[in-house]
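The structure presented is a predicted model; accordingly, all values stated were derived computationally and were not measured. For the single chain, residues carry numbers from 1 onward in sequence order.
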Amino acid sequence: MLGALITAVLLLECAHPMPISFLATQLIASHVRSLMANHLMDVPSSDQHTVKPWLDAKLDFALRADLSSQGFP
């Protein structure tokens, strides 16, 4: 009976992977996808009116920094 219980628990564990391993798999897949050719620069522009809407769609917060005084376009 104990052997059947241990086998059942192990089979259920293998059938449903832990969320941490799922998260790790998704992180690795996202990283590999980000390194694909022509994906390293999604918005090849320094125009604020082009970059800001794209960035707002990607982030949950708004950046309010103006770095032009430090030499950034």
Check: What residues form a side-chain contact (heavy atoms from CB on, under 4.5 Å) with L2, not counting sequence neighbours?
Finding: I6
Checklist line | Contacts of L27 that satisfy side-chain contact (heavy atoms from CB on, under 4.5 Å) - sequence neighbours left out | finding: L23
Checklist line | With S69 via side-chain hydrogen bond (donor to acceptor under 3.5 Å, both in side chains) - residues at least two apart | finding: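 Not a single residue meets the side-chain hydrogen bond (donor to acceptor under 3.5 Å, both in side chains) criterion with S69.
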